[in-house]
Student: 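Pasting a structure here, questions to come.
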Amino acid sequence: MTHTPAETVRDSLLASAPASRPEPPVARKVPIERSHHGDTFVDHYEWLRDKENPDVVAHLQAENAYTEAVTAHQQPLREAIFQEIKNRTQETDLSVPVRKDGWWYYGRMEEGKQYGIQCRVQASDTGDPAADWTPPQVAAGRPVPGEQILLDGNAEAEGKPFFSLGGSAVTKDGRLYAYAADYAGDERFTLRIKDLDTGQLLDDVVENVFYSLAFDPDGSRVFYTVVDESWRPYQIKAHTIGTSVDSDVVIYQEDDPAMWMGFELSADRRHLVIGIGCSEYSETRLLDFADPDAGLQTLIPRSERVLYDAEPFQLDGAQKVLLTHNKDAVNSMVSLVDLSEFSRPLDAQRWDTVVEHDDGVRVNGAGVTSTHVVLSIRKDTIERVQVLPLAGLGTAAQAAPVEPGFDEELFTAGVGGSDYEAPVIRVAYTSFLTPPRIYDYELATGTLHLRKETPVLGGYDPADYVAEREWAAAADGTKIPLSVVRKATLQRDGSNPALVYAYGSYEVSMDPAFSTARLSLLDRGVVYVVAHVRGGGEMGRHWYDDGKKLRKKNTFTDFVDATDWLAASGWADPARIAAMGGSAGGLLMGAVANLAPEKYAAIVAQVPFVDALTSILDPDLPLSALEWEEWGNPITDPEVYAYMKSYSPYENVRPAAYPKIAAVTSFNDTRVLYVEPAKWVAALRETGTGSEPIVLKTEMDAGHGGASGRYEAWKDRAWDYAYALDAIGATELA
């Protein structure tokens, strides 16, 4: 029988090492100097960046073998958690159909299969809006009459190490279906087009596209995005069906390496809306499908430094634009503007207020249907949906916004998609205790219709658990919101294990959401805490601003202060607290490990951005230039360089007794390269003075999101949770 290199190393470790602990692999040291602003840093592990080097691959395989050996005793726990997730999941299931034009579209899963199946059935038009917009009754495991399969992900993934669907689109007449598939995990997709009348794929194949896909209204062209060498989307191109890819037309090209770009169709499908921006300002350009030869129209140029989103639509026969913007409004507001106004200087334009600025309300975005404005706002940390009629919009006759009411303190309500002409909008609802629900909200009456609640098998009862809002005090007096989730029967006696999770960057909020996997933690007596640290968006725009650039350290100290609250709260044993975070939250884990290693029994860092300074100093690395608006530009600004160097986890590894640490990464990740955790783990082992094992687990056939397929994703989650549970002594069901 042939053994892989990883198996050979693992067997060697198990055979030769003491029963208590095998020895970790040692990365060789190759000093490489990096000099900026008069400072020189000697990097001994930068050689691990060369993924084509067989020595690098061999080292990662040896790390995997060591990790497997060190954590082998956790395998029964991993299997138990996997089975718990599986047994709580209705494996054969369907989404609630969504109507688009003459069809109802939905996805379904089948037991034993890794990937979803995209489907549709014909809609009917009876003239009764209530009937025509009520989704067909579909039941798990039962054939759907008239079903047409658009794409079977299981067939698409057959024989491939990875599969992910990046985007899809259907022509207005329902005949052509375009989809983008990733077969490597590097988020570079292959675009294909299927004729739904014949079921055959067209000859058109476009390689290396990004996520966004859309057909123009007549279905003759498909729009897609292309990334540059640094993995930044920089071109929007149009492919005419049936022509050579070499003749595809560039609709727009963005040359500023610090700007992100994407596109979508306007809700009424009259315009292609191109959004260009960073976290601090943006620019929107419109392509009018009725007059494509006129080219792109710029609304507010980026030189005005306004951060905004634009939705063009027609109101009473006039072309309008609904703007969500931060002009004189740090938390953003909504204005209504005639399209013609944008040809004038900004200060001379007339903008009518739709939603005023409010220091206590963050406006996330605004969209339109044919009759209403639909708002996404954040108030009291909670994401909510509001609507108001188009009648009288922007005038004294405008009605006040209303929102559907829910009875939980901590929840998340978001717009789940709707057709422009629909009399309802789709609302997605969830909480820490309530599995995802899908509602249709009647715009005219305010009536909520529950279409589905995701089933949770195995006797789940939300009354068995509690989700509460608590507040921790930061050193500067700031109150940090915490979400604390636990079993209702748990005693506040200072003996419980706990896990603290956070992200804290890019104004991303860790909103209340149900997790089947999390039940495996709660049922083992774990107190689960989400720390809503600065750098996220939970408390409005200022909350984000106070955790970025030269205030980034607030993110890290907030997490430690949240941990201190937990340790003193009576809910947790201070010696049984684990920490977990991913991507930018993985940077948080690395920073916290350096700041307060003694406060954690274990740290799980998922795809961690732990070598941030090295990455951002090289604008040719994936996405580096785009990060300048988040962290600052250390290339040109010595203050930013010094500040980042003072917290970047890799540079600040010190002689400390680090806790158990697991760094989990993917070889094909294009967002946070595998080399970052690989270098970090090598430095931790070299410099740390503790005796706890530090492990690196690399998924060799995956990207930023980990392995593809739902069962593999469950195994990944089970691995992470088992590692933390083992460290905090919570392996048995309570």
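For this chain, numbers begin at 1 and follow the sequence in order. These values consider heavy atoms only, across backbone and side chains, with no hydrogens, waters or symmetry-generated copies.
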Student: Ring centroid separation for F210 and W231, is it under 6.0 angstrom?
Tutor: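 Aromatic pair counts; centres sit under 6.0 Å.
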Student: Given side chains that start at C-beta, do those of E280 and K548 come closer than 4.5 Å, heavy atoms only?
Tutor: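 A side-chain contact under 4.5 Å exists here.
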Student: Show every salt bridge (charged side-chain N to carboxylate O under 4.0 Å, His left out) that has at least one partner inside residues 353-366, sequence neighbours left out.
Tutor: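 Checked against salt bridge (charged side-chain N to carboxylate O under 4.0 Å, His left out) - neighbours excluded - the pairs reaching residues 353-366 are R362-E507.
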Student: Checking T67 side chain against E63 main chain: does a donor-acceptor pair fall under 3.5 Å?
Tutor: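 Yes, because the side chain of T67 sits within donor-acceptor range (under 3.5 Å) of the backbone of E63.
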Student: List in chain and number order the residues that pass side chain to side chain contact (heavy atoms under 4.5 Å, CB included) with A472, two or more places apart in sequence or in another chain; answer none if no residue qualifies.
Tutor: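 With neighbours one apart ignored, the set is I480, L482, W565.
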Student: Do we see a donor-acceptor contact under 3.5 Å between the side chains of S332 and T324?
Tutor: no
Student: Could you work out, with ring-ring contact (aromatic ring centres under 6.0 Å, His included) as the rule, every residue matching Y723, not counting sequence neighbours?
Tutor: W719
Student: Heavy atoms, side chains only, cut-off 4.5 Å: are Y643 and K552 in contact?
Tutor: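 Yes, side chains in contact.
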Student: Relative to the ring of H36, is the ring of Y641 parallel (under 30°), tilted (30 to 60°) or perpendicular (over 60°)?
Tutor: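 Taking H36 first and then Y641, their aromatic rings sit tilted (interplane angle of 30° to 60°).
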Student: Sequence neighbours excluded, which residues qualify as side-chain hydrogen bond (donor to acceptor under 3.5 Å, both in side chains) partners of R576?
Tutor: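 Here no residue qualifies.
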Student: Determine yes or no for a side-chain-to-main-chain donor-acceptor pair under 3.5 angstrom, with T430 supplying the side chain and T434 the backbone.
Tutor: yes
Student: Answer yes or no: is there a donor N or O on one side and an acceptor on the other, between the side chain of R534 and the main chain of D545, under 3.5 Å?
Tutor: no
Student: Compare all side-chain heavy atoms of L696 with those of T665 and state whether any distance is below 4.5 angstrom.
Tutor: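 L696 vs T665: side chains touch.
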Student: Does the distance from a Lys or Arg side-chain N to an Asp or Glu carboxylate O, for E629 and K549, drop under 4.0 Å?
Tutor: yes
Student: Determine which pairs satisfy salt bridge (charged side-chain N to carboxylate O under 4.0 Å, His left out) with at least one residue from residues 559-571, sequence neighbours left out, and list them in order.
Tutor: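 Non-adjacent pairs meeting salt bridge (charged side-chain N to carboxylate O under 4.0 Å, His left out): D564-K599.
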Student: A605: which residues meet the side chain to side chain contact (heavy atoms under 4.5 Å, CB included) condition with it, sequence neighbours left out?
Tutor: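 Listed in chain order: M589, P608, W680.
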Student: Hey, does the Lys NZ or Arg CZ of R518 hover above the aromatic six-ring of Y528, less than 6.0 Å from the centre and inside 45° of the axis?
Tutor: yes
Student: Check side-chain hydrogen bond (donor to acceptor under 3.5 Å, both in side chains) between Y45 and all other residues, then give those that pass, not counting sequence neighbours.
Tutor: E686
Student: Between Y506 and E627, do the side chains contain a donor N or O and an acceptor N or O under 3.5 Å apart?
Tutor: yes
Student: Just by distance, no angles: are the side chains of D43 and Y650 close enough, under 3.5 Å, to form a donor-acceptor pair?
Tutor: yes
Student: With the side chain counted from C-beta on, respond yes when V361 and R378 share a heavy-atom pair under 4.5 Å apart, and no when they do not.
Tutor: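 Heavy-atom side-chain distance check fails, nothing below 4.5 Å.
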Student: Do F432 and F514 have ring centres separated by under 6.0 Å?
Tutor: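 Centroid distance F432-F514: not below 6.0 Å, so no.
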Student: Could you check I577 against T563 for side chain to side chain contact (heavy atoms under 4.5 Å, CB included), going step by step and ending with a plain yes or no?
Tutor: CA-CA 8 Å; I577 298 175; T563 304; 4.2 Å; yes
Student: Going by atom types alone, do R302 and S282 pair a side-chain donor with an acceptor below 3.5 Å?
Tutor: no
Student: Quick one: do E283 and R305 satisfy salt bridge (Lys or Arg N to Asp or Glu O under 4.0 Å)? Show the steps, please.
Tutor: CA-CA 9 Å; E283 181 176 278; R305 294 301 193 261; over 6 Å; no
Student: Just to verify, what does T636 make a side chain to side chain contact (heavy atoms under 4.5 Å, CB included) with, not counting sequence neighbours?
Tutor: N633
Student: Check E712 with R717, please: is the shortest side-chain N to carboxylate O separation under 4.0 Å?
Tutor: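 Salt bridge between R717 and E712, a charged N being under 4.0 Å from a carboxylate O: no.
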Student: Are W631 and F609, when compared by the centres of their aromatic rings, separated by less than 6.0 Å?
Tutor: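 Yes: the rings meet the under 6.0 Å criterion.
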Student: Can you list the residues that meet the side chain to side chain contact (heavy atoms under 4.5 Å, CB included) rule with A657, with sequence neighbours excluded?
Tutor: T689
Student: Report yes if the side chains of C278 and W260 come closer than 4.5 Å at any heavy-atom pair, otherwise no.
Tutor: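 No. Closest side-chain heavy atoms not under 4.5 Å.
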Student: Report yes if the side chains of L521 and Y721 come closer than 4.5 Å at any heavy-atom pair, otherwise no.
Tutor: yes
Student: V415 versus V427: any side-chain heavy-atom pair under 4.5 Å?
Tutor: no
Student: Enumerate the salt bridge (charged side-chain N to carboxylate O under 4.0 Å, His left out) contacts for residues 651-668, please, sequence neighbours excluded, ordered by first and then second residue.
Tutor: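 Checked against salt bridge (charged side-chain N to carboxylate O under 4.0 Å, His left out) - neighbours excluded - the pairs reaching residues 651-668 are R34-E651, K660-E692.
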Student: For the residue pair V355 and L375, establish whether any side-chain heavy-atom pair is separated by less than 4.5 Å.
Tutor: yes
Student: Do D228 and S230 pair up side chain to side chain, a donor and an acceptor below 3.5 Å, judged on atom types alone?
Tutor: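 Yes, S230 and D228 have a side-chain donor paired with an acceptor closer than 3.5 Å.
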Student: Do we get K553 above Y647's six-membered ring, with its NZ or CZ under 6.0 Å from the centre and within 45° of the axis?
Tutor: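 Relative to the ring axis of Y647, which defines the angle, K553 lies outside at least one limit.
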Student: Hey, mind stepping through Q386 and I377 against side chain to side chain contact (heavy atoms under 4.5 Å, CB included) and telling me if it holds?
Tutor: CA-CA 8 Å; Q386 294 184 341; I377 68 162; 3.4 Å; yes
Student: Ignoring hydrogens and geometry, is there a side-chain-to-backbone donor-acceptor pair from N326 to L307 under 3.5 Å?
Tutor: yes
Student: Within the side chain of D380, is there an N or O that forms a donor-acceptor pair under 3.5 Å with the backbone of I382?
Tutor: no
Student: Just by distance, no angles: are the side chains of Y211 and E187 close enough, under 3.5 Å, to form a donor-acceptor pair?
Tutor: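 Distance-only check passes for Y211 and E187.
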Student: With sequence neighbours left out, what residues match D256 under salt bridge (charged side-chain N to carboxylate O under 4.0 Å, His left out)?
Tutor: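 For D256, no residue satisfies salt bridge (charged side-chain N to carboxylate O under 4.0 Å, His left out) once neighbours in sequence are set aside.
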Student: Please, which pairs that meet salt bridge (charged side-chain N to carboxylate O under 4.0 Å, His left out) have at least one residue in residues 630-646, sequence neighbours excluded?
Tutor: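 The answer is D39-K645.
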Student: If we count only N and O atoms by modelled type, under 3.5 Å, do the side chains of T412 and Y429 hold a donor and an acceptor together?
Tutor: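 No, no side-chain donor-acceptor contact under 3.5 Å.
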